Number of protein chains: 2
Amino acid sequence: MSASIEDVATLAGVSIATVSRSLRGLPDVAPTTRARVLAAARTLDYVASPFAARLASGRTATIGAIVPFVNRWFFGEVIAGAEGILREADYDLLLYNLDDVAGRERFFARMPVRKRVDGVLVISMLLADEELAALKALNVPLALVGNGAPGAHSVHIDDTAGARVAVDHLIGLGHRRIGLIGGRMDDPMRFTAAGDRHQGYLEALDAAAIPRNPDLEAIGYFTFDGGEEAMKSLLALPERPTAVFVESDEMAYGALRAIRREGLRIPQDIAVIGFDDHVTAELLDLSTVRQPVQEQGAKAARALLDAIADPSAQPRELVLPTELIVRNSTDPSVPPL
Amino acid sequence: MSASIEDVATLAGVSIATVSRSLRGLPDVAPTTRARVLAAARTLDYVASPFAARLASGRTATIGAIVPFVNRWFFGEVIAGAEGILREADYDLLLYNLDDVAGRERFFARMPVRKRVDGVLVISMLLADEELAALKALNVPLALVGNGAPGAHSVHIDDTAGARVAVDHLIGLGHRRIGLIGGRMDDPMRFTAAGDRHQGYLEALDAAAIPRNPDLEAIGYFTFDGGEEAMKSLLALPERPTAVFVESDEMAYGALRAIRREGLRIPQDIAVIGFDDHVTAELLDLSTVRQPVQEQGAKAARALLDAIADPSAQPRELVLPTELIVRNSTDPSVPPL
DNA sequence: CTGAAAGCGCTAACAA
DNA sequence: TTGTTAGCGCTTTCAG
């Protein structure tokens, strides 16, 4: 096996306590002693066994990240953002991918994070009361990305405001008959974006004194196919909308396809704006509302580290700004790709 | 704090050794005793401290996954595949995201996986000799996704064969002037796909007795922009190709854009086929070569678990099949979206 | 400034 | 079948 703290102590001619202190940069070690220890550690290529250190100190130097789907764009970005900050601080990132409702139940039934993390990062999940309670019972700081919860740190955008900006943009272009394509509010994974963005849509209409029209609101799955289906239903209306606000870019891609299949032109016949600024939104020339994704992960990780350093600190809520990105799918004056 | 093994032992009226045995399902425990222990553990909501267990047993029950970019489609899928298998086996997944060349160097300089994993999963990286040596020095099983290495388990596709199928498809459609858009062989992250796919392109031409033509080979970054630039250079040729094989779907998206901007029609003026079957390939109606991605992660994770269970087992190499997906970007007889 | 020694909460012989 | 006990490799008092 590899070198242990004893080996280093022997080689440096000091006690293991001094090795421990030297290596961790604790005060009260003579500079020359420390140098000797560092040299010994280096020649033996020594690293402390994290498990022994964790057992002895009680600190795990690990963050658990709970994510619905690692393999979706948004979540991957958030994790990348968080990982960078954590790695820098020498924290490990333990990944829990829920995958579906069954996986989510399994996670909360078994609570595999117990006794193994100093903090928990929950990505884009609206937690049920019992779930929140279960996580709080871990007695470690909790940070949420995407929405807030009492007693937890949180980093998110203002979905409602973002949606309002998108719809205002359509109104500014002269549209009055504006459709909505959105996700179900009762999504099984309980994402909150759908509800909030729907709300923003309604507020924008109200502010412009455009009457609400439930016929123009098409709800479906928060996916490409869901968007396509929803758009089809709007196109089948006796009087179809001249513009649609779609609650996510992925749904918007489906909407674009439905519109093109119908032989209609974008944006002349129907203008489309999405939400997220997904990687391929630019490629598809889709107007959208950009949200900082990696940054949400990074900020949440930072919040956790701060909370671990100072457990008495109050939970903070951080709201990051969104940005309207105008492309050719809404504005014909923007040159197409 | 939460319950310890002692608490359970006391409540069940047995020794801690018996608790340990009962909870881990070891033999030689009387059924009634085991039942009593399980009941006690349940009422105390007890889980063993993983750190104590790991220190005592020497098994970490965690796998380190080293990935260039969590936030890219391919890698996210691989991780999702691996995570599922590992979670099922009660293994933790420790994520190391390299992010760039500097991150890669930092990783290998510090080797943060030391003393903390029972196995290492390396995703899509061609390891330099020193890197491979460093990982082998960990003395734990090593599994690679995307390419092989002596002494390591590996799961990958046959990139060369896949590329050949793609180019054969173009040849079958009557094309003779077939361009290539590919990544640099000397990619800083050292992905191997570029070289292998390039090779397949050449082999397909040779097999069809179509002379190679270096002018038709455009090399760039393995990204959307790289593909766009490369396509532009092909379009600028005095005699442009009638079809292009692009080594990745993401590059192909860029190529599609360059072609459309030039006012040319796909596939009538130029046929385009990509590689990967990236999520949005269907949306963009792009013909491609599909590779099983999650499955590669799952199979590699399985290989690691097997190797941990039986360290004497020889490293195995698993090659998964690819599949040609014909869409409208190459074949006009396939109805467009 | 440094060392001795007592844990941290388990697992794994070894006895009984 | 069960209990006793010696570690696992550190961190952290507490003396010195």
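Worth saying up front: this structure is predicted, and the values here are computed from it rather than measured. Naming: A, B, ... by sequence-line order, numbering from 1 per chain.
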**Report entry** Where protein sits on nucleotides 11-16 of chain D, one letter per nucleotide: B base, S sugar-phosphate only, - none, heavy atoms under 4.0 Å
**Finding:** BBB---
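- Under the side-chain hydrogen bond (donor to acceptor under 3.5 Å, both in side chains) criterion, B/S20 pairs with B/R24, sequence neighbours left out.
- When atom types are taken as modelled, the side chain of B/T62 and the backbone of B/R116 share a donor-acceptor pair closer than 3.5 angstrom.
- For A/R72, the salt bridge (Lys or Arg N to Asp or Glu O under 4.0 Å) criterion is met by no residue, not counting sequence neighbours.
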Query raised in the report: Under the side-chain contact (heavy atoms from CB on, under 4.5 Å) criterion, do A/Q296 and A/L320 qualify, and how do the steps go?
Result: CA-CA 8 Å; A/Q296 290 183 70; A/L320 299 183; 3.6 Å; yes
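- At the phosphate of D/dT2, neither OP1 nor OP2 sits under 4.0 Å from any side-chain N or O atom of B/T18.
- A donor-acceptor contact shorter than 3.5 Å is absent between the side chain of B/K299 and the backbone of B/V155.
- Looking at residues two or more places apart in sequence or on another chain, you find no ring pair (Phe, Tyr, Trp, His ring centres under 6.0 Å) involving B/F75.
- Nearest-nucleotide positions on DNA chain D place B/V14 closer to the 5' end than the other of B/V14 and A/V47.
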**Report entry** Derivation and outcome, side-chain hydrogen bond (donor to acceptor under 3.5 Å, both in side chains), residues B/H156 and B/Q291
**Finding:** CA-CA 9 Å; B/H156 57 91; B/Q291 62 167 317; over 6 Å; no
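- Applying the 4.0 Å criterion to OP1 and OP2 of D/dC10, one finds that B/K115 has a side-chain N or O inside that range.
- One interatomic measurement links the two molecules: CD of A/E6 to P of C/dA5, which rounds to 13 Å at whole-angstrom precision.
- Atom CG in B/L55 sits roughly 17 Å away from atom P in D/dA6 (whole-Å rounding).
- In this structure, A/S15 reaches the C/dG3 phosphate: one of its side-chain N or O atoms is under 4.0 Å from OP1 or OP2.
- Residues from residues 28-37 of chain B that place a heavy atom under 4.0 Å from any atom of DNA chain D, listed by number: B/D28, B/V29, B/A30, B/T33.
- A salt bridge does not link B/D99 with A/R87: every distance from a Lys NZ or Arg NE/NH1/NH2 to an Asp or Glu carboxylate oxygen is 4.0 Å or more.
- With hydrogens and angles disregarded, a donor-acceptor distance shorter than 3.5 Å links the side chain of A/E83 to the backbone of B/N97.
- When the local axes at the two ends of the helix from C/dC1-D/dG16 to C/dA16-D/dT1 are compared, using 5 base pairs at each end, they differ in direction by 30° after rounding to 10°.
- Put simply, the side chain of B/R104 never gets that close to the backbone of B/L98: no donor and acceptor are under 3.5 Å apart.
- Distance CZ (A/F51) to P (C/dT11): 14 Å, rounded to an integer number of Å.
- Within the 3.5 Å criterion, the main-chain N or O of A/S22 finds a donor-acceptor partner in the side chain of A/R34.
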